Amino acid sequence: MAKELTSREENYSQWYQDLVIKADLAENSAVRGCMVIKPYGYAIWEKMQAQLDSMFKETGHVNAYFPLFIPKSFFSKEADHVEGFAKECAVVTHYRLKNDPDGNGVVVDDDAKLEEELIVRPTSETIIWNTYKNWIQSYRDLPLLINQWANVVRWEMRTRLFLRTAEFLWQEGHTAHATKNEAIEETEKIINLYGEFAEKYMAVPVIKGIKSANERFAGALETYTIEALMQDGKALQSGTSHFLGQNFAKAFDVKFASKEGKEEYVWATSWGVSTRLMGALIMAHSDDNGLVLPPKLAPYQVVIVPIYRKEEQLNSISEKVNEVTGKLKARGISFKYDDSVNRKPGWKFAEYELKGVPVRIAIGPRDLENGTCEVARRDTLTKEVVPLEDIDQYIENLLDEIQENIFNKALVYRDSMVTKVDSYDEFKEVLLNKGGFVSAHWDGTSETEQKIKEETKATIRCLPLEYEEEKGKCIYSGEPSQRRVLFALSY
RNA sequence: CGGGGUAUAGCACAGUCCGGUUAGUGUACCUGCUUUGGGAGCAGGGGGUCGCAGGUUCGAAUCCUGCUACCCCGACCA
């Protein structure tokens, strides 16, 4: 497997599916383009959910739930929105099956045709704004800061495990504000929150920026994004936050009485991250031995493996382990003690490395005599013998160190993969031979962006929020430009 | 929807070109003994309508025809 992992010439997605399946994260289900997330993989998602949810709550957001089915007519109310999603919707047309009169099993009952078709939500703006209309009358009802944890369906022509599945899990925030500035502030607050989550918890460095008009969300005035870089040099859009202006308020007629007694349309935002983040986590950190999970998102941070010959030995090891786990528990460190008898230690070592468990402790007869244990860390694959006394403190420090090390490693790689170019030839050369982000001048037109995409497959990933003003010439058209933007091949 | 590929044991594959013993290998599974500090060893055992339907032949996993499913590449991807 090693070769495929490190070689960019190899088929990346093949490696990716092998790894994910082997790593017990997911497997393809019988339904085309959908995924089964196995318990270990789902545990990672739950960790992500819990952290994000608490960050949303801290910033004043609350959770709610809206229907899976959206009447077709809702979609036609916002022109850009319907255009963006029309081609990838699952549509419910009937509500009943019946036995086939010709005896060929079960068929759709034509008599049970729906008056109006229902769309399985690809995103919930329309049904939520239809509801908000009734919730908002006065400036006193604002801001409305709601998040929803849900599944959505997008009937993509081609799917890719975790990165673009037909059905995926996500959270979607939908907020309503009295003023334009407040809505923009909210949009920016959330993209910063996403950035903090990616970097501090996923240990994935991201570049925050805004999308070009071509890449903007259907129905938004501005789309903010966090862009991560995978180990094969491709970019991954990992989270987005949209400033929707008054588009949806106007489409769904959501008005409020201002302090001054005037009737005004509300200002809106929407934002989301999905199970795609799990793809980002895997592709940003994994190595030839499998997953590498950051301690803050690992389902268990420590795995303890006993090494023994006879049952009496296991008993005395287990006693020692109980002392250790008691101390770990007191510090809030999660662990798994794998004393199963049907696998040998070597098998367990390899298995937990594949699963990406940050720290492994092995305790055997030798350690019992010396009052020690063997501590192995996943990120560096190094081991050392450590006294059992104060092991909890040692592990706590080690977990912090691992979290930091994983991030720094990814950051060093990412920074090495941002290349400034000043000519189109150079641009194409870097895309072909190096990959990563290419920082270049662009004339600001959709036409140029489109041409570059057609010729190289590279798109503008974002106009970074942090940038230096710099006069230059567009690499494609030669027209003047005030700043560089980031191009990349992407998932 | 276009181009390419695959279908044989739970999983991963060989065998197909050039038809011919009882369809094989790895792994997983079951039994026993020995093992256990990096995916254990030996011995024995169970598991297959060779994707489906036709055809050619004394004889088909293998040749022919039709069908189906899946994978990869492309179009698509707020």
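What's counted below: heavy atoms across the whole structure, side chains too, no hydrogens, waters or symmetry copies. Worth saying up front: this structure is predicted, and the values here are computed from it rather than measured. Residue numbers start from 1 in every chain, and the chains themselves are labelled A, B, ... in the order their sequence lines are given, proteins ahead of strands.
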Tell me: [atom1] of [X] to [atom2] of [N], nearest whole Å?
| X | N | atom1 | atom2 | answer |
| --- | --- | --- | --- | --- |
| Lys355(A) | rG38(B) | NZ | P | 21 Å |
| Gln313(A) | rU35(B) | CD | P | 13 Å |
| Glu156(A) | rC76(B) | CD | P | 12 Å |
| Lys453(A) | rG74(B) | NZ | P | 13 Å |
| Leu368(A) | rU36(B) | CG | P | 16 Å |
| Lys344(A) | rU34(B) | NZ | P | 14 Å |
| Asn214(A) | rC77(B) | CG | P | 11 Å |
| Met157(A) | rC77(B) | CE | C1' | 9 Å |

Whole-Å [atom1] distance, [N] and [M]:
| N | M | atom1 | result |
| --- | --- | --- | --- |
| rA28(B) | rC67(B) | C1' | 34 Å |
| rC42(B) | rC17(B) | P | 35 Å |
| rC30(B) | rU8(B) | P | 24 Å |
| rC13(B) | rA75(B) | C1' | 33 Å |
| rG10(B) | rC50(B) | P | 13 Å |
| rG41(B) | rG47(B) | C1' | 24 Å |
| rC63(B) | rA14(B) | P | 15 Å |

| message | Only Watson-Crick and G-U wobble pairs, only distances under 3.5 Å, only runs of 3 or more: what stems does that leave for RNA chain B? | response |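 Ordered by first number, the stems with RNA chain B (at least 3 consecutive pairs each) read B:1-7 with B:68-74, B:10-13 with B:24-27, B:29-34 with B:40-45, B:51-55 with B:63-67.
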| With a 3.5 Å cut-off and just heavy-atom distances, do the side chain of Arg309(A) and the base of rG37(B) make a donor-acceptor pair? |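 Result: no qualifying N/O pair found.
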How would you label the contact of [X] with the nucleic acid (heavy atoms, under 4.0 Å): base, sugar-phosphate, or nothing?
| X | value |
| --- | --- |
| Arg360(A) | base |
| Glu83(A) | nothing |
| Arg216(A) | sugar-phosphate |
| Glu215(A) | nothing |
| Pro122(A) | nothing |

| message | Under 6.0 Å from the ring centre and within 45 degrees of the ring axis: does the NZ or CZ of Lys250(A) meet both conditions for the six-membered ring of Phe248(A)? | response |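 So Lys250(A) doesn't make the cation-pi contact.
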| Looking at Phe252(A), is Lys133(A) sitting on its ring face, NZ or CZ under 6.0 Å from the six-membered ring centre and within 45 degrees of the normal? |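 Ring-cation test returns no.
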| said: Closer than 4.0 angstrom, basic N to acidic O: yes or no for Lys355(A) and Glu351(A)? | reply: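 Judged by the 4.0 Å cut-off on N to carboxylate O distance, Lys355(A) and Glu351(A) do form a salt bridge.
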| Is it true that Asp287(A) and Arg378(A) make a salt bridge, defined as a side-chain N closer than 4.0 Å to a carboxylate O? |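 Yes.
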| Side-chain donor-acceptor contact under 3.5 Å, Tyr476(A) with Glu447(A) |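 The criterion, which ignores hydrogens and geometry beyond distance, is not satisfied for Glu447(A) and Tyr476(A).
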| request: Give a yes-or-no answer on whether the side chains of Thr131(A) and Trp129(A) include a donor-acceptor pair shorter than 3.5 Å. | output: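 Checked: Thr131(A)/Trp129(A) side chains show no N/O donor-acceptor pair below 3.5 Å.
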| field | Comparing Lys457(A) and Val341(A) on RNA chain B - which has the more 5′ nearest nucleotide | value |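 It is Val341(A), whose closest nucleotide lies nearer the 5' terminus.
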| task | Look at the side chain of Lys383(A) and decide which nucleotide, out of rC77(B), rG38(B), rG37(B), has an atom nearest to it. | result |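 Comparing rC77(B), rG38(B), rG37(B) against the side chain of Lys383(A), the answer is rG38(B).
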| Nearest to the side chain of Ala350(A) - rG37(B), rG39(B), rC76(B)? |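 The nucleotide sitting nearest to the side chain is rG39(B).
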Looking only at side-chain N and O atoms, does [X] come under 4.0 Å of OP1 or OP2 in [N]?
| X | N | result |
| --- | --- | --- |
| Lys310(A) | rU35(B) | no |
| Arg343(A) | rG39(B) | no |
| Arg158(A) | rA75(B) | no |

| field | Side-chain heavy-atom pair Arg276(A), Phe162(A) within 4.5 angstrom cut-off | value |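 Answer no - side chains too far apart.
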| query | Would you call Cys373(A) and Leu388(A) a side-chain contact if the rule is heavy atoms closer than 4.5 Å? | reply |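 The answer is yes; the side chains approach within 4.5 Å.
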| field | Pairs meeting criterion salt bridge (charged side-chain N to carboxylate O under 4.0 Å, His left out) with involvement of residues 182-193 of chain A, two or more places apart | value |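 Found none.
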| Residues within residues 75-82 of chain A bordering RNA chain B, heavy-atom distance below 4.0 Å |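 Within this stretch, nothing sits under 4.0 Å of the strand.
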| message | Go through it in stages, so that I can follow the logic: the residues are Phe66(A) and His174(A), the test is ring-ring contact (aromatic ring centres under 6.0 Å, His included), and I'd like the CA-CA distance, side-chain angles, deciding distance and then a yes or no. | response | CA-CA 11 Å; Phe66(A) 296 85; His174(A) 298 272; 7.6 Å; no
| message | Does Lys409(A) have more than 12 heavy atoms from other residues, nucleotides or ligands lying within 6.0 Å of its NZ? | response |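 No, because the 6.0 Å sphere around NZ of Lys409(A) holds 12 heavy atoms or fewer from other groups.
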